[in-house]
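Scroll down for the structure; my scribbles are underneath it.
Residue numbering restarts at 1 for every chain, and letters A, B, ... go by the order of the sequence lines.
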Amino acid sequence: MTGQTSMTSGNSRRRTLIVSWGMAVISLILAAGCLVTGSVDIPLDQIARCLTGGEVEREVWRVIVLQTRLPMTLTALVAGAALSVAGLLLQTCFDNPLAGPSILGISTGSSLGVAIVMLAFGGSIGSGWSTYGSSLAGAIAGAAAVLGLLLAFSRVVRSGMMVLIIGILIGYFASSAIAMLNFFSTQEGVHSYVIWGLGNFSGSSLDRTLAFCAVTLPVIFVSFLLIKPLNALLLGARYAGSLGISISATRRNLMIVSGALTASATAFCGPIGFIGLIVPHIARITLRTSNHSVLLPATALAGAMTGLLCAFISAMPSSGMIPVNAITPIIGVPVITYIIVCRKKLLYFS
Amino acid sequence: MTASPILQTFGLSAGYRNGGKETAVVTDVSLSLSPGSVACLLGPNGAGKSTLLRTVAGQQKPLEGTVTIGGMDLQHLPADRLSRLISVVYTERSHAGALTVGETVSLGRQPYTGFFGRLDRTDRRIVEDSLEAVGMLHLIHRYLGTLSDGERQKVMIARALAQQTPLMLLDEPTSFLDVASRLEVMALIRRMAVEKEMAIVLSTHDIANALAVATDLWLILPGGEMMSGPVAEVIASGAMDRLFTGRNIVFDTPAGDYRLKE
């Protein structure tokens, strides 16, 4: 978590260190929690042996840990980080603290893309790589379509709040198209789509999860290449332009990266709400900075932590999994309400 | 002030393109400004001061004519070159409240820093010097969001200073400021021009204070015609009274400000 200049005080550097380490430790604890929690009780030492490839008392434990719990943990970590980074990029890009992949309709656009693949082409029958691959293609096409629309509208409609409302409307439009597709599809297709649509970190095998990580992690790192123009954008588009930044190229890059992150996470886990909206705020409030050289890595870390928290809660009942989208609003709504009510006290709003 | 001009315009028309339609706010403007000079851009609301400044800053294409800086046509300069030649200060508030004063001024070094925007020792010294110049060095670790409007504006000027450009453009830098901050900012502009040999253009409605620091006046007269020259010449020409044609005010030369007609 380097990158802070001497232009920040010792105090704020200390804060950055403490908060980052705190988040890392909490993430580790939650990751461990995800591995030990579930409907089957497995002794701790046996879980450790599963992970290290040692001898296990019962072979089924190995399957549970390696094919269910480990994929869920990895998925939650990477998807949480991806959606949060996407949210931060969108908030800076649109200069709007309430922007996020789900509120701008990008997640729903991705969902529509997946729905077309799953329902219209019957892609749900495929397995392994092909399902994620075709869902991903659909999700990317959907996200790109919504981002293209948003970009076009944001040129005409200058107000950030109005762009946000247009995003919400695009989301409704895509939802309606999804409902139509569901109506005209086979029952099995609808069933698998509905399950996917509830949001799920645990639907996949280890192989497919590793494929998801291999696609998503590089894109998160690509976002780190945008730190300099992101910081320039904090001053507003006109100042950024006077600093030698190409505004149109920067906006385009930010949309491509945030769209790719949203599409990848949505294709794999279903549309997950709130994480992309609230996590950048959690990072800004705890670190007290808008400087992306600190904020961007911290948002990725906080996103991983939040994803793991949701996964942990979802795995707690012994009778099954709570859908992730039943949990994210319980965390997200209080946070976003606090932000709206207390925005006058928050530095980054002024 | 015998140095060759740093900024020149030739037959410049500035305005808007909307669809295929062009609306000029100023036409056929020939301006020039030398290092060490402060030009004060005056005109009624909606006369096109901001449009002209944006065009001179290279952020908007001229409808006709050219703007040159150091003899080079702005149209042919890439954005990164331009950012080392022209810095700007706007009135609009940004959402950068959670940046520290030091971080904000550091953004002015972006034209010089590498891919990740890291500062080297020279950059840090320039940031500190710029803050020193505006009298804000003691606030280097404060958050922008905790500053008063006047302090914030001075930080934005320090940010422009850190860009180390021969030309600085300020669009109404003193609106929203209290009288003390207004005087301080104007004095600062004067000092930057003299000490750093910068050419400075500021648009303002604060005519009395602006006249105290200006060497040149640029007037946008009704009809998009421009009148420019050294302060004394422009005032002597009587152009100040044409600036607000049809309004019930006259320019009081001894007082250096407008007053109502009796």
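- Residue contact with chain B, scored on non-hydrogen atoms closer than 4.5 Å, is absent for A:Ser246.
- Contact tally against chain A (heavy-atom pairs below 4.5 Å) for B:Thr100, B:Val105, B:Leu99, B:Asp80: the top residue is B:Leu99.
- Here A:Leu234 is the residue among A:Ile227, A:Leu226, A:Leu234, A:Asn11 with the most heavy-atom pairs under 4.5 Å with chain B.
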Please lay out, stage by stage, how B:Asp178 and B:Ser181 fare under the test side-chain hydrogen bond (donor to acceptor under 3.5 Å, both in side chains).
CA-CA 5 Å; B:Asp178 62 27; B:Ser181 305; 2.8 Å; yes

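- Neither the backbone nor the side chain of B:Thr165 has a heavy atom closer than 4.5 Å to any heavy atom of chain A.
- Neither the backbone nor the side chain of B:Asp120 comes within contact range of chain A, judged by heavy atoms closer than 4.5 Å.
- With a threshold of 4.5 angstrom between heavy atoms, B:Leu82 does not approach chain A through any atom at all.
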Go through it in stages, so that I can follow the logic: the residues are B:His205 and B:Ser175, the test is side-chain hydrogen bond (donor to acceptor under 3.5 Å, both in side chains), and I'd like the CA-CA distance, side-chain angles, deciding distance and then a yes or no.
CA-CA 8 Å; B:His205 290 290; B:Ser175 45; over 6 Å; no

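- Among B:Asp123, B:Ile86, B:Thr104, B:Val89, the residue with the largest count of heavy-atom pairs under 4.5 Å with chain A is B:Val89.
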Candidate pair B:Leu202 and B:Met186, rule side chain to side chain contact (heavy atoms under 4.5 Å, CB included), full reasoning
CA-CA 10 Å; B:Leu202 75 143; B:Met186 287 297 185; 3.7 Å; yes

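- For B:Gln110, the parts lying under 4.5 angstrom from a heavy atom of chain A are both the backbone and the side chain.
- The part of B:Arg159 that comes within reach of chain A is its side chain, from C-beta onward, which places non-hydrogen atoms under 4.5 angstrom from that chain.
- Contact annotation for B:Val101: neither backbone nor side-chain heavy atoms come within less than 4.5 Å of a heavy atom of chain A.
- Looking at B:Arg109 and B:Ile126, their side chains come closer than 4.5 Å, going by heavy atoms from C-beta outward.
- Neither the backbone nor the side chain of B:Ser87 comes within contact range of chain A, judged by heavy atoms closer than 4.5 Å.
- B:Arg81 does not touch chain A: none of its heavy atoms, backbone or side chain, sits under 4.5 Å away.
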Full working for side-chain hydrogen bond (donor to acceptor under 3.5 Å, both in side chains) between B:Thr66 and B:Asp73:
CA-CA 7 Å; B:Thr66 51; B:Asp73 187 344; 5.1 Å; no

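- Of the two parts of B:Val127, only the side chain, counted from C-beta on, holds a non-hydrogen atom closer than 4.5 Å to a non-hydrogen atom of chain A.
- Side-chain contact between A:Arg284 and A:Thr289: absent, with no pair of heavy atoms (C-beta onward) separated by less than 4.5 Å.
- Enclosure of atom CD in B:Glu22 by more than 12 non-hydrogen atoms of other residues, nucleotides or ligands within 6.0 angstrom is indicated.
- In this structure, chain A has a heavy atom under 4.5 Å from the side chain of B:Tyr143, while its backbone stays farther away.
- Side-chain contact between B:Leu74 and B:Thr68: absent, with no pair of heavy atoms (C-beta onward) separated by less than 4.5 Å.
- Counting non-hydrogen atoms of neighbouring residues, nucleotides and ligands closer than 6.0 angstrom, the CD atom of B:Glu64 reaches no more than 12 such neighbours.
- Remark: B:Arg118 fails to qualify as a cation-pi partner of B:Phe116 under the 6.0 Å distance and 45° angle criteria applied to the six-membered ring.
- Interface remark: A:Phe224 contributes backbone atoms only to the contact with chain B (heavy atom separation under 4.5 Å).
- When heavy atoms are compared at a cutoff of 4.5 Å, A:Leu225 approaches chain B by way of both its backbone and its side chain.
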